[in-house]
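Written below as structure tokens is the structure these notes are about.
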Amino acid sequence: MLDIQLLRTNLNYVIEKLSSRNFSFPVDRFNQLEAERKKIQTHTQELQAKRNTISKQVGLAKSKGEDTTAILAQVSNLGDALKQSVTQLEQIQTELQKILFDVPNLPHDSVPKGDGETDNQEIRRWGAIPSFDFEIRDHVSIGEGLKLLDFETATKLSGARFSIMKGNLARLHRALAQFMLDTHIQEHGYIETYAPYLVNHDSLHGTGQLPKFEEDLFAVKAGGNAVENEHSPGLYLIPTAEVSLTNIVRDEIVPLQSLPLKFVAHTPCFRSEAGSYGRDTRGLIRQHQFDKVELVHIVHPESSYAAIEELVGHAETILQKLELPYRVVALCTADMGFSAAKTYDIEVWLPAQKTYREISSCSNCESFQARRMQARFRNENGKTSLLHTLNGSGLAVGRTLVAILENYQNADGSVTIPEMLRPYMNGLDQLCTAGGQ
RNA sequence: GGAGAGAUGGCCGAGUGGUCGAAGGCGCUCCCCUGCUAAGGGAGUAUAGGCGCAAAACGCUUAUCGAGGGUUCGAAUCCCUCUCUCUCCGCCA
């Protein structure tokens with residue numbers, strides 16, 4: 001959420017910034033509502049002030065044992081007028097909030113301007129693209145060939161966009177997550193975190209998934225009944241652990257000395273993938289359920305741009321240790337996610353697609369999420385002030401597995417296991433059919 | 001699932017219809033005293049808005065005592081609904 005003060009005092013700046021991400025701010029509607037709000041809020045507060053003074057007089061008179069009918073006569077019709085005014089004000093403020101909640105974050109000045117994916121700016125490349133003297137197979141062909149990857153059965157259980165991994169492939173998948181977690185905990189100073197996979201409406205609102213992107217989520221029922229009813233808000237499966245980890249500081253005032261907070265968690269993620277019909281239908285790239293190791297930083301506003309560089313570095317470390325070629329891309333203004341002020345994507349080389357594919361996305365949300373969450377810290381002067389939040393994948397486990405299968409494939413259909421993962425695989429150095437079980 | 005008790009400011013805790021945004025304490029900030037240490041004295045210290053001012057300082061004002069609704073001229077206090085926490089019992093990985 002943007003600062004309402006910024007909209008009031010510097011609307012043109014906001015409009016221009018937003019247009020760079022192809023978002024057109026409803027200026028006229030906003031101005032109209034603001035004008036009404038101003039008028040009605042003032043009116044309401046005048047009525048409230050009047051009521052308060054008179055009520056005090058009543059109390060005073062009664063304590064002296066005086067007659068109060070004369071005073072009470074003054075407020076006889078005030079109640080209705082006030083109620084009406086309050087209702088009106090609430091309607092306007094609800095509408096203003098609706099507008100405000102749907103407005104994405106403003107891009108940072110360092111973000112490349114552009115209209116779409118093609119305008120993203122490559123920052124650096126790492127690793128040599130492997131060459132193969134045999135016909136390259138994609139991860140589906142490799143995994144199914146090894147009889148370790150099974151989409152058909154998963155479809156029977158759950159439908160499209162699910163998968164079953166077995167044997168050493170399932171183990172490799174687990175090894176990857178462990179390896180990532182260990183690296184971030186031991187080498188990068190993160191707090192290992194186990195957090196809920198089901199979260200409430202407020203949490204999703206805090207990080208910006210709601211109200212705008214509900215169709216991307218899975219909501220759950222309890223005992224055959226929808227959890228959500230008029231009194232109890234519903235639960236949703238997390239689309240990313242960013243939601244659980246970032247909301248740890250929702251409605252909190254974090255002591256200055258405990259900043260920065262750095263959380264890491266390995267969780268499943270659930271996405272409905274509405275609107276992506278026909279995209280990446282084959283394989284593990286785009287699933288309704290996938291595992292991710294997520295990194296979250298909660299920082300002092302002054303250090304958030306240093307933090308995003310650090311965060312990207314942490315994610316890159318994983319790829320370097322696994323010796324997977326990748327590139328880092330700065331997303332352009334139009335390609336960034338809703339809550340981000342600046343985003344770097346890390347894209348890993350996939351030989352079968354002959355292209356780099358997103359494997360991590362690291363964003364600085366500045367105070368955008370913190371303002372929604374009321375996540376604050378007590379600053380040097382003892383005043384509360386909004387935190388900055390960042391999140392990034394470190395990394396998407398399923399896609400990392402895809403990258404390993406494809407980049408480490410051998411002519412005989414086997415797959416070499418990267419050195420760093422062998423300790424997690426009981427020393428195993430290859431996935432092959434014979435040893436697959 | 002059954003029975004009961006709770007939810008108040010950064011923290012603890014008082015407050016059952018009227019100068020209560022809230023006693024007292026802790027913590028914190030500033031000042032004074034004390035030649036260290038310990039202790040003592042004084043003042044200040046919630047948050048989010050609105051309006052005014054070119055702006056800051058500031059002034060006026062509104063809302064907020066778990067959440068939402070209701071009663072009332074007036075609600076932390078009374079009524080209803082919900083959420084959460086704690087204790088006991090049952091069930092359970």
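Residue numbering restarts at 1 for every chain, and letters A, B, ... go by the order of the sequence lines. None of the values given here were measured: they were computed from a predicted structure.
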I need the [atom1]-[atom2] distance between [X] and [N], as an integer number of Å.
X: A:Gln374; N: B:A46; atom1: CD; atom2: P; value: 17 Å
X: A:Lys83; N: B:G69; atom1: NZ; atom2: P; value: 12 Å
X: A:Glu46; N: B:G52; atom1: CD; atom2: P; value: 12 Å
X: A:Lys39; N: B:G49; atom1: NZ; atom2: P; value: 24 Å
X: A:Leu96; N: B:G49; atom1: CG; atom2: C1'; value: 13 Å

In terms of the angle between their ring planes, are A:His201 and A:Tyr236 parallel, tilted or perpendicular, with boundaries placed at 30° and 60°?
tilted
What class does the angle between the rings of A:His205 and A:Phe101 fall in, given that below 30° is parallel, 30 to 60° is tilted and above 60° is perpendicular?
perpendicular
Does A:Asp280 have any salt bridge (Lys or Arg N to Asp or Glu O under 4.0 Å) partners at least two apart in sequence or in another chain, and if so, which?
A:Arg286, A:Arg357
Complement of [N], any strand, by Watson-Crick or G-U distances under 3.5 angstrom:
N: B:C88; value: B:G2
N: B:C30; value: B:G42
N: B:U37; value: none
N: B:G18; value: B:C73
N: B:A93; value: none
N: B:A7; value: B:U83
N: B:C51; value: B:G59

Just checking [X]: base, sugar-phosphate only, or nothing, at a heavy-atom cut-off of under 4.0 Å?
X: A:Gln93; result: nothing
X: A:Arg371; result: nothing
X: A:Ile54; result: nothing

Nucleotide nearest [X] when distance is taken to its side chain, options [options]:
X: A:Asn52; options: B:U62, B:C73, B:U47; value: B:U62
X: A:Thr42; options: B:C51, B:U61, B:G21; value: B:C51
X: A:Lys56; options: B:G74, B:U61, B:G21; value: B:G21
X: A:Thr384; options: B:G74, B:U47, B:U62; value: B:U47
X: A:Gln41; options: B:G74, B:A48, B:G49; value: B:G49
X: A:Lys38; options: B:G74, B:C51, B:U47; value: B:C51
X: A:Lys62; options: B:U19, B:C73, B:G49; value: B:C73
X: A:Gln48; options: B:U47, B:G49, B:A63; value: B:A63

Decide whether A:Tyr344 and A:Gln121 meet the rule of one side-chain donor and one side-chain acceptor closer than 3.5 Å.
no
For A:Asp345 and A:Ser361, which I'm curious about, is there any donor-acceptor pair between the side chains at under 3.5 Å?
yes
A:Ser339 side-chain N/O to A:Thr207 backbone N/O, donor-acceptor pair under 3.5 Å:
yes
Between A:Asp3 and A:Thr44, the residue closer to the 5' end of RNA chain B by nearest nucleotide is A:Asp3
Starting at the 5' end of RNA chain B, which residue's closest nucleotide do you reach first, A:Thr53 or A:Glu34?
A:Glu34
Establish, with yes or no, whether the OP1 or OP2 oxygen of B:A75 is under 4.0 angstrom from a side-chain nitrogen or oxygen of A:Arg51.
no
What about A:Gln45: does its side chain form a donor-acceptor pair under 3.5 Å with the base of B:G49?
yes
